[in-house]
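Only one structure is covered here, and it is reproduced in the block below.
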Amino acid sequence: MRRAIRPAFSCHTGQQHMPSYTPSDIEARWQDAWDKAGIFQAKRDESRPKYYVLEMFPYPSGRIHMGHVRNYTLGDVVARYKMATGHNVLHPMGWDAFGMPAENAAMAIGGHPRDWTYNNIKDMRGQMKPLGLSIDWSREFATCDPEYYGQQQALFLDFLDAGLVHRKNAQVNWDPVDMTVLANEQVIDGKGWRSGAEVERRELTQWFFKISDMAGELKDALDGLDNWPAKVRLMQENWIGESRGLQFAFSLIGQPDDGAPAPDGFDRIEVYTTRPDTLAGASFVGISPDHPLAKTLERNSAEVAAFNAECRKGGTTAAEIETAEKLGFDTGLRVRHPFDTSWELPVYIANFILMDYGTGAIFGCPAHDERDLEFARKYDLPVTSTFAPTNTEGFTAPEDGGAAFVPGKDVTVHFVRPLGGDPRDMTGDAAIIEAIETCETNGVGQGVTKYRLRDWGLSRQRYWGCPIPVVHCDTCGVVPEKKENLPVELPYDVSFDTPGNPLDRHPTWRDCACPKCGAPAQRETDTMDTFVDSSWYFARFTAPRADTPTVAEDAAYWMNVDQYIGGVEHAILHLLYSRFFARAMQITGHLPASAIEPFDALFTQGMVTHAIYQTPGDNGRPVYHYPEAVELKGDKAFLKDGGAEVEIVPSAKMSKSKNNVVDPLNIISSFGADTARWFVLSDSPPERDVEWTASGAEAAYKHLSRVWNISHRITDMDADAAGEGDDDLLRAMHKCIHDVTVAIESFGFNAAIAKLYAFTATLQKSKAGHAAQRTAIMTLAQLMAPMTPHLAEAIWSHQGGAGLITLADWPQADEAMMVDDTVTLPIQINGKRRGEITVPADMSKEDVEKLALASQPVQKALDGGQPKKVIVVPGRIVNVVV
RNA sequence: GCGGGCGUGAUGGAAUGGUAGACAUACCAGACUUAAAAUCUGUUGGGGCGUAGCCCCGUGUGGGUUCGAGUCCCACCGCCCGCACCA
C-alpha cells in the first residue's frame, strides 16, 4: 500500500548520521530571520534600479487555494530573482475586500460583512505567511479600510470635477425580490441567480465613468504593450470594438397610416452603417424599440407600446438571442432614399436593433445581411444586390431565394450598383472608402469611427462597497461631498434581514447637510462597483498610508508595475478599467504621464487542476470522492473504503462541488512550503494549467530531501580532500547557472527546474573534491533560492555562506567554463542522422568536413562516389548530401 | 457565425530551422533488507532483423519550402478559449 511520505522525524537506519530534512523547523526559522532583518520592506533608493512585482490581490474568501499558491509563487520567484540581481524590489500584498459574498454571508449565516471580511483577512494572512513569500507586509491594506476607500472617494470627486464621471439613465437588470441591480453574469436564464425571480429591465439613474470617451486611445495604446500576451491585447481590442463607417440621415416624409400627427422633432432618422457600399440595396429603415422615435410613437399608440414591451421582455442569453425570431412593426412612416428622392423606404421598429450601438437605427440591406434578409422575407420587403461574386457559377442571388451574400471585406467582388462610378470589380474595403467619399462629397453624411465599448456603470444598490460621495439636495440637486468630510464612512449598525440596500433604510445615515447651501439633504445610498477598488490599488501600494490617493515622488519612483501576474479571467474588465483609471488619475494629477499604462509586463498564469474521482450514484448522477479517499494503483483508482473501482475523470479546475480540491495547508503541513512551491512551478509552463498530483508532490519533496542530503554529505567530507572531475562539475555548474538564468528571465520556470534536477544528479554522482562540491552545492542553493527559499537559506548557512542567501548576488556564469574541450557532432546523410564524430571544440570547418567524410557511415553511404554537398554547422551538425 | 490558440510516448511536458521525446510522473526490473518502507541503479516511442549490433518508421492528416521541418508556408481534421442580433 502506498503511503504518503512524511518528513521523517527520526532515522533509525543507523547508517546515516545526518539530520533529515524537516521543513517545518527550517521554514519557520528562516521566515523569522527574514522578518527580523526586515529585508522585504521596500524603501525608495535612487541609487538602485527599482522593480515592482505585483500579483493580482485576492478576495478574502477565508481560505487560500492552490491557485493562490501558484500565483504568488510565480511572483515570488520574479521578486527574489530581481532582488538577487541588484534591484530594489517592491512586492506588496492587499485584499480586494468589498463585494457581495460578505453580504451574502451576513444574510445566510448572520453576522456583519465587516467582521466576516476582517476575520477572513486575518485567517488568510495566517495561511499565506507560511509560504515564505518576499512580501512587504508593512504596505498591506484592504479596500474596505476607510483609509483606502476615503482616498477612492477623493479620486471620484476629482474625476467628477474633470468631467470623467457623469450621471445618466440606464437600463439595468433589476431583481424585484432582492431589490437590487444585478450584473449580466448574475442573470441566469432571465432569473436572478440568488432569488430566482424574473429579472426586470428597469431604467435607473446611475453613475458612469466616461470610459467610452477614451475608447480610441485605449485601443491605440494596446500596440505599445509589447510585454502583454497577444491574446489579452486582442481580447481588449475586440471588446473595445472599433469600426469605421458612415453616419447619415434619412428624411421622414410619411405619416402614420392611422393619420395620427407626425411625431414632433423627428423629421430625420440618423443611421450608422459599416457597409455604406450597400446603400443602393437599401430596403427598409429599422429602429430599436428603445429609440426615441419608437418611444414617442408608443405614447400615441397602444399597438406600438405593446410591441415594444414584447421586445423588451426578450432574454439576453446567447441561446435566446440566436433562436429569437426577427420581429418588426411597420410604423407607417416613410423615409426618402438620400440618392433618389423618388425612392421611399418603410420605417420598422425591429427587435434585433440595439439602442446602445451606433444610433439605434439602421437601414436594412437584405441582399448582404442575414438578419435583414430574414426580416425582409418575413415582411415581404424588396431584396436588391449591390454586388455579386466575380464568378457566379453555382451562385444563387438572394433575390432568387439564395442566402445573403456576405463576403469578407477583403474579397474582390463585382459591384452591380456601386455608390458612384460604373459597375466594376473591387474589394469591399475599397468600395466602402469610395462610398464614404461619395456621400461626404454629396453632403449625405460623414465617415465616423465608432466603438462598441460602453460607459462603465459604477452604481450598485448594495451595502458592502465604497459609498459614492455625493449628496442630493432639494435646492442644489446633486452636490459632491466636500473633501474634508471624507471618508463618507459606511455605518456599522445595519441589518440584512430584509432585502434591499440597508443604507436605504438606515434611520439616520442618509441625513446630512448640503455641502453647498447647508440645508438638510440626503446622501447617495449607492456604492461603487468593486472593480473600482481594484482599478488603482497598484498605485496606492506606492504610498499606502498617505492622506492623498498617491504621493508624487513615490508614484514617480515605483510606477509602473514592472511585472503583473494573474489569471486570464481578468483579461478584459479589470485590466481595461485599470488602464482607464491610470489615464484618469494622470489627468487629475494623481499619476505621472509615464504611468498611463500602469502594467509594463503582464503574465497570465494557468489554473491548478486535479483529477476527479467518481462512482455512479443512485440517481444516475455521479458521486464525487476526495483524493484522500482514493487509492491509486497504476492507472486505476479504488476507494480505500470498500475497494470499489473509481472512474478517473480528466483533470479539471479544483472545485468544491467536484471534491477535487487539494488544500495548500495540508500540503504545507505534510511537506512544507518549499515542496508546494517547487511542485506548482515544476510540472507545466506557468501560462498553462498544471495538474496537481500526489505523486508529483511527493517527488518534489523527495528531490528537496535529496538536495539536503547532498549538502550534508558534502559537509561530512574531508575539507582538504581532492577528487576527480572538479572541472567537469564546475563546467556543469556554469552551464546550469546560464540555463537557469535564461529560463527564469523568460518565465520558463518548469525548464529551470528541469535543469536543476539534471545538475543535482550530476552533483550527486560527482567524485570531485570538497572545494568544488561545496561551490557546486552553494551555487545550486542560490539557483533554487527563488523557488525554495527556505531550503536554500538552510543549505547556505550550513555550508558557511556569509549572510542571507536572499541578499546574495545572483551567480554569474563564466562563459569560458561553459565550453567543452570536445564536442560530439551528429552526422546526417540527406538530413537523417546516421552517426556522430567527436572533435575538438575549436576544430576548423574544413577539418571537421574531412573527418566527417572519412567517417564510417559516410563512406558506406557514398559507396566510392562523391558527395553532392556538405554542410558543416560549427558546434552543431554535419550534413552530407549524396 | 467572427476572432485567437493548440495538436509530440501511458501522463505532464523539453527541443535559437540542426541528434525528437530533456526533466518529471507512471510502469517494469535490479541492489540493499528476514520483509516492507525509505534510498540507490537501470529499462521503457513503434516495428523488424542475422539481437554486444544494425535497419526501417515516427511530432493530428495531406502537400510545399529547405542540405535539413515538431518548428516556416498552404489546405484539411480535431480540441480549447474569447466574443457574439454590434448594423
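Chain letters run A, B, ... following the sequence lines, proteins first and then strands; every chain starts at 1.
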Distance check, [atom1] atoms only: [N] and [M], in whole angstrom units.
N: C79(B); M: U8(B); atom1: P; result: 14 Å
N: A15(B); M: G7(B); atom1: P; result: 12 Å
N: C27(B); M: G45(B); atom1: C1'; result: 15 Å
N: G70(B); M: G78(B); atom1: P; result: 24 Å
N: G63(B); M: G53(B); atom1: P; result: 36 Å
N: G5(B); M: U19(B); atom1: P; result: 27 Å
N: G9(B); M: A20(B); atom1: C1'; result: 11 Å
N: G47(B); M: A29(B); atom1: C1'; result: 23 Å

[X] [atom1] - [N] [atom2] separation (whole Å):
X: Asp739(A); N: U16(B); atom1: CG; atom2: P; answer: 12 Å
X: Lys832(A); N: C55(B); atom1: NZ; atom2: C1'; answer: 13 Å
X: Ile710(A); N: C40(B); atom1: CD1; atom2: C1'; answer: 12 Å
X: Leu681(A); N: G12(B); atom1: CG; atom2: C1'; answer: 15 Å
X: Trp692(A); N: U25(B); atom1: CH2; atom2: P; answer: 14 Å
X: Leu763(A); N: C40(B); atom1: CG; atom2: P; answer: 13 Å
X: Glu374(A); N: A87(B); atom1: CD; atom2: P; answer: 18 Å
X: Ile829(A); N: C54(B); atom1: CD1; atom2: P; answer: 13 Å

Given [options], which nucleotide is nearest the side-chain atoms of [X]?
X: Arg833(A); options: U19(B), A87(B), C85(B); answer: U19(B)
X: Arg371(A); options: C86(B), A14(B), C40(B); answer: C86(B)
X: Ser695(A); options: C86(B), C83(B), U25(B); answer: U25(B)
X: Leu234(A); options: A24(B), G3(B), A14(B); answer: G3(B)
X: Arg452(A); options: G18(B), A14(B), A84(B); answer: A84(B)
X: Arg834(A); options: C56(B), G12(B), A22(B); answer: C56(B)
X: Tyr757(A); options: A26(B), A24(B), C86(B); answer: A24(B)
X: Asn238(A); options: G3(B), A14(B), C23(B); answer: G3(B)
X: Tyr357(A); options: G82(B), C85(B), A87(B); answer: A87(B)
X: Asp683(A); options: A14(B), G82(B), A24(B); answer: A24(B)

Can you confirm whether or not the ring centre of [X] sits under 6.0 Å from the ring centre of [Y]?
X: His368(A); Y: Phe387(A); result: yes
X: Tyr701(A); Y: Tyr21(A); result: yes
X: Trp678(A); Y: Tyr757(A); result: yes

Which part of the nucleic acid does [X] contact within heavy-atom distance under 4.0 Å: base, sugar-phosphate only, or nothing?
X: Glu691(A); value: nothing
X: Ile353(A); value: base
X: Thr273(A); value: sugar-phosphate
X: Val881(A); value: sugar-phosphate
X: Ser684(A); value: sugar-phosphate
X: Asp369(A); value: nothing

Are side-chain N/O atoms of [X] and [Y] paired as donor and acceptor at under 3.5 Å?
X: Thr73(A); Y: Arg677(A); value: no
X: Gln236(A); Y: Arg579(A); value: yes
X: Thr274(A); Y: Ser243(A); value: no

### Query
Taking N and O atoms by type only, does the side chain of Lys450(A) place a donor or acceptor under 3.5 Å from a partner on the base of C86(B)?
no
Give a yes/no answer on whether the side chain of [X] brings an N or O atom under 4.0 Å of OP1 or OP2 in [N].
X: Arg688(A); N: G12(B); value: no
X: Asn830(A); N: G68(B); value: no
X: Lys869(A); N: C67(B); value: yes

### Query
Is Asn351(A) reaching over with its side chain to a backbone N or O of Lys326(A), donor-acceptor style, under 3.5 angstrom?
no
### Query
Are the side chain of Asp674(A) and the backbone N or O of Leu791(A) linked by a donor-acceptor pair below 3.5 Å?
yes
### Message
Both Asp689(A) and Lys409(A) contact RNA chain B. Taking the nearest nucleotide for each, which residue is further toward the 5' end?
### Response
Asp689(A)
### Summary
By nearest-heavy-atom nucleotide on RNA chain B, the more 5' of Thr274(A) and Glu687(A) is Glu687(A)
### Message
For a 4.5 angstrom cut-off between non-hydrogen side-chain atoms, does Leu225(A) reach Leu602(A)?
### Response
no
Counterpart base for [N], defined by Watson-Crick or G-U wobble contacts under 3.5 Å:
N: U43(B); result: none
N: U65(B); result: none
N: C6(B); result: G78(B)
N: A52(B); result: none

### Message
Using O4'-C1'-N9-C4 for purines and O4'-C1'-N1-C2 for pyrimidines, with syn meaning within 90° of 0, is G7(B) syn or anti?
### Response
anti
